[in-house]
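A short write-up of the structure that comes next.
Order of the sequence lines fixes the chain letters, A, B, ..., with proteins taken first and strands second; residue numbering starts at 1 for each chain.
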Amino acid sequence: MAIISPTITQHTIVLCIEKRERGIATQALLTKAGFRVVMALSLYDALKCIAQEMPHLVISEVILSDGTAGTLYDRLQAHEMLKKTPIMAHVLKKTKEELTPLSTRKFAGFFLGPFEPRGFLAKVYEVIRAHAAVSPYFLDAESLGIKTDLTISIDAAVMGRAGEQMVSRSGTEVDPAASMVCVPASPDFGPAVLRMATNLRSGDEIFNMFPISRIIGAGRKWVLNLPEFKIGADASKGPEKLKKVVFYEPNEARYEGFRELLKGYGIDLVHAKTLPMATAMVKRDFETIGCVYLHELMNDASSIEWKGVYAKLPGGRKPPLIVGTTSQNARSTTETRYLKRPFGMGVFVEMLQASFERADDIASVAGKNAATTTASVSVKYQAPAILIGLDETGGILQVRFPLLKGSRLNIAHAFLQTAWEGRAQVQVVASAPTEAKPDIWHARFEAIDAGMSKVKYWEKLAKHLATLPPVPAKPAA
Amino acid sequence: MDWTCLLVDLSGLGLAQTWQDQTAGHDYGMAISCASSLEEAQAMLNAGSVLVQAFFASENGGDLQTLLKSFQTNVGCISDFQAIICDEPSPVFMAGVFEFGIEQFVPMATWAKELAAVTRRAVELMQDETSPEFKTLSLSRSIRSADQGAIKQASDAIGDMATYDYRLAFAKGKAAEASGNYAAAADAYASARGMNKMFRPSASSLGETLLVTGRLDEALDVFKTLEKTNPYDVERKANLASVYVEKGDFETAQRYVDAAAKIAPNNSKVLEAQAQVMLCTGKVGEAFKLMDGMSDVGPFFAAKLNELGIQLSQSGKGKSALALYQKAHKIVRPELKYKITLNAALACRRLKAWDMAMKYALRCEKEFGASFAKLDKIKESIIASKKQEAAAAAQGAPKVPLPTDKAG
């Protein structure tokens with residue numbers, strides 16, 4: 001089985017305690033650590049919660065108002081679906097009364113003594129890693145014997161081109177590092193590989209832009225013939241006018257170097273030696289600024305001030321923000337586009353050029369009463385993926401690029417479509433590169449909609465899984 | 001094929017001692033090798049197993065440029081198969097390697113892991129014979145072999161992919177250039193440039209081909225546009241100097257030569273431009289001396305040398321012409337050698353050194369990869385002239401008249 005990145009699952013913990021006040025600090029600690037915590041104040045409550053939430057871990061004080069952790073253990077063991085749920089017992093005092101219910105039962109872990117944050121959290125991580133790193137319900141696709149190869153796709157409509165960018169409208173954002181095949185619905189148009197996406201959001205609409213120069217494949221032929229939008233920076237400013245970028249770079253020599261080179265691309269850099277200088281410039285002149293580049297954005301006071309000022313700028317007109325980062329996991333959004341440092345010259349120039357387009361301008365072109373004709377070529381962005389496994393809400397996919405949180409994907413997979421009764425759309429809830437291979441990404445998806453019961457979903461899926469033929473055991477090496 | 005990822009330490013990090021530890025435990029999908037000098041790296045590249053090249057470098061030095069060119073020749077202009085490992089490259093360095101299409105920078109802290117992703121991807125692409133990367137590599141190898149038959153075959157295998165893939169359009173341009181079809185090369189480079197305006201090698205090659213074909217104003221336009229976005233490129237300055245020499249503006253040409261020589265005085269292209277200025281200003285001897293420092297000379301200067309050789313031969317200085325051809329043969333790109341040899345054969349024929357002429361003709365055939373009509377005619381004429389001379393000598397008849405070909 002593939003080693004799954006531990007960061008892509010938000011674990012749900014049911015916390016069973018006798019007295020609410022004892023649980024508040026624990027709940028806060030676990031929530032801060034990224035867990036979803038549901039508190040239960042009795043054995044009855046706990047059993048109800050566990051059946052509803054299908055948690056990845058139950059932390060229970062030994063003595064509860066209407067029973068003990070031992071009773072809880074026995075009740076879960078008796079339940080076919082819930083018996084894999086790991087339980088960590090919190091022993092407040094080593095008294096006979098507290099220790100007796102724990103004997104002869106296989107708890108996933110114990111925490112002894114009064115609540116102590118550091119030790120407690122370490123124990124929680126240890127138990128999660130050992131018993132429910134993904135989920136106690138997780139089933140490895142290979143061992144289930146279902147086909148692991150599948151195709152993921154995103155529905156979109158290509159509208160035209162804005163300068164050197166192909167513009168399309170889809171219901172989801174595409175990560176700049178993603179490489180997907182754009183397959184038009186019409187057989188008259190060839191497929192093309194799209195890369196280096198930039199996302200624009202105007203109200204509920206999401207637009208994806210792809211630099212035409214980076215598009216490869218037979219589909220380039222029709223892409224080059226798309227209607228051109230006369231919008232944004234290109235339309236309002238003359239061709240001679242340089243596009244202004246506020247450039248926060250502490251190293252003056254680097255700034256000077258970039259200024260000289262980018263001038264040749266029609267880009268005018270305005271230096272901000274410190275982040276507060278950049279903040280002041282943007283606050284004062286945001287209407288005339290094409291884009292902002294920040295060498296880095298930390299969590300210090302000046303960064304917080306920047307975030308505050310930038311957040312207050314009016315929606316569709318605020319200059320896009322490009323932030324340099326060394327993190328592998330920083331994921332771009334429509335507002336903040338992360339650029340992994342060190343970066344290449346072409347990538348930087350194209351990212352800057354894409355940032356001169358404004359979401360509102362694109363939206364106005366795409367609007368019903370717009371004067372510009374759009375192409376509206378129905379396409380699917382496709383990519384191959386591998387199904388790693390399934391769990392109580394969806395499962396985990398392996399892809400060659402990052403998928404953004406919230407992305408809505410169509411999954412083409414015969415078994416899953418049967419199990420999901422014809423549904424094919426899932427939502428990505430998290431993705432991360434694998435520890436050993438940074439080019440391989442795991443994405444957790446949810447196949448259930450808001451308000452849908454996990455239990456019902458799992459029961460239905462389990463029924464379909466039961467119809468699968470048994471997988472022959474692999475011969476021993 | 002067993003592929004190799006070549007690590008080149010140009011930063012003096014002492015990588016030779018540590019790379020094995022640093023790469024241990026990562027799945028590269030190919031062998032890893034480390035070179036700490038230009039010669040070592042060059043030998044590895046010429047050996048033919050290198051598929052991925054990664055440099056530990058932080059400045060755009062001459063060795064780096066040489067190896068980037070060598071990679072282009074041996075593997076192809078595949079930017080995804082090359083990476084620079086350094087933390088904060090300077091803008092000038094970024095622009096310098098961007099001239100070779102390179103945009104992949106990897107931080108020092110995670111290079112071993114990130115490079116493994118690059119190599120695994122490269123292996124996957126090589127397993128797919130329909131991939132543009134595979135076709136580019138095949139074509140580059142055929143160009144390197146200078147075998148015209150192989151070049152045609154590899155070029156034909158690209159099919160219509162060159163109409164939508166800028167890398168293949170560029171590779172096709174290189175193939176046309178290697179076959180001496182500079183008009184087709186210019187079209188292919190222009191097509192590649194149209195597809196991806198950010199792919200600098202196509203624009204630079206377009207300018208060079210326009211220069212070879214004498215479309216000087218167009219070449220000037222291309223080079224000047226490129227110069228705006230990177231005024232630090234030595235070879236472009238040399239190219240601009242060449243354009244101005246051709247236009248007869250020696251003053252501007254000299255200015256560009258001086259500017260280029262200030263940055264990289266030993267760069268082969270700069271020496272070419274310097275030599276070209278000297279040749280045009282009558283300093284032939286000094287130009288000859290500069291040729292010792294040149295390597296991988298392209299079609300433009302090669303054509304200039306051929307022209308000069310023909311002039312010498314036709315003016316009765318056949319031995320000087322042969323000396324020039326010998327020197328030129330050593331410094332021109334492999335696919336251009338056959339032209340030099342052909343001219344040497346013609347010069348020998350003019351000197352009535354029949355055996356030597358035939359030797360050159362046969363070498364020309366070998367370098368070209370096959371015989372061709374013009375060469376066949378030359379060979380026939382050498383044999384006929386030799387026979388005629390022998391017969392005339394036996395009969396005490398007057399000397400055989402000189403061949404009437406203009407070349408040689």
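- Contacts between B/Q104 and chain A at a heavy-atom distance below 4.5 Å are absent for every atom of the residue.
- The minimum heavy-atom distance linking A/S213 with B/M198 is given by the pair OG-CG, 4.2 Å.
- The contact between A/K437 and chain B is made by backbone and side chain atoms together, counting heavy-atom distances below 4.5 Å.
- Counted within 6.0 Å of CD on B/E124, heavy atoms from surrounding residues, nucleotides or ligands total more than 12; the atom is thus considered enclosed.
- The environment of CG in A/D300 is crowded: more than 12 heavy-atom neighbours from other residues, nucleotides or ligands sit within 6.0 Å.
- For the residue pair B/F98 and A/G346, the shortest heavy atom distance occurs at CZ-CA, 3.4 Å.
- Look at B/E103 and A/R214 and you find a salt bridge, because one of the NZ, NE, NH1 or NH2 atoms lies within 4.0 Å of a carboxylate O, short of that distance.
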Take B/E88 and A/N251 through the side-chain contact (heavy atoms from CB on, under 4.5 Å) test and state the conclusion after the steps. CA-CA 11 Å; B/E88 286 289 359; A/N251 182 337; over 6 Å; no
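- Ranked by heavy-atom pairs shorter than 4.5 Å toward chain B, the options A/R220, A/E350, A/R400, A/E256 are led by A/R220.
- Interatomic distance, A/I212 CD1 to B/N196 CG, rounded to the nearest 0.5 Å: 11.0 Å.
- Heavy-atom contacts from other residues, nucleotides or ligands closer than 6.0 Å to CE of A/M298 number 12 or fewer.
- Taking CD of A/E260 as the start and CG of B/N230 as the end, the distance is 9.0 Å to the nearest 0.5 Å.
- Of the inter-residue distances, the one linking B/M94 atom CE with A/L261 atom CG reads 8.5 Å to the nearest 0.5 angstrom.
- At a heavy-atom cut-off of under 4.5 Å, chain B is reached by A/K340, A/R341, A/P342, A/F343, A/G344, A/M345 from residues 337-345 of chain A, listed in order of number.
- Neither the backbone nor the side chain of B/A116 comes within contact range of chain A; no heavy atom of the residue lies under 4.5 Å from a heavy atom of that chain.
- With a 4.5 Å cut-off on non-hydrogen atoms, B/Y232 touches chain A through its side chain but not through its backbone.
- Comparing B/K228, B/R120, B/E114 by heavy-atom pairs within less than 4.5 Å of chain A, the highest count is held by B/R120.
- Atom OH of A/Y265 sits about 13.5 Å away from atom NZ of B/K197, to the nearest 0.5 Å.
- Heavy-atom distances place no part of B/V97 under 4.5 Å from chain A, backbone and side chain included.
- Remark: A/D439 does not engage B/R121 in a salt bridge, criterion side-chain N to carboxylate O under 4.0 Å.
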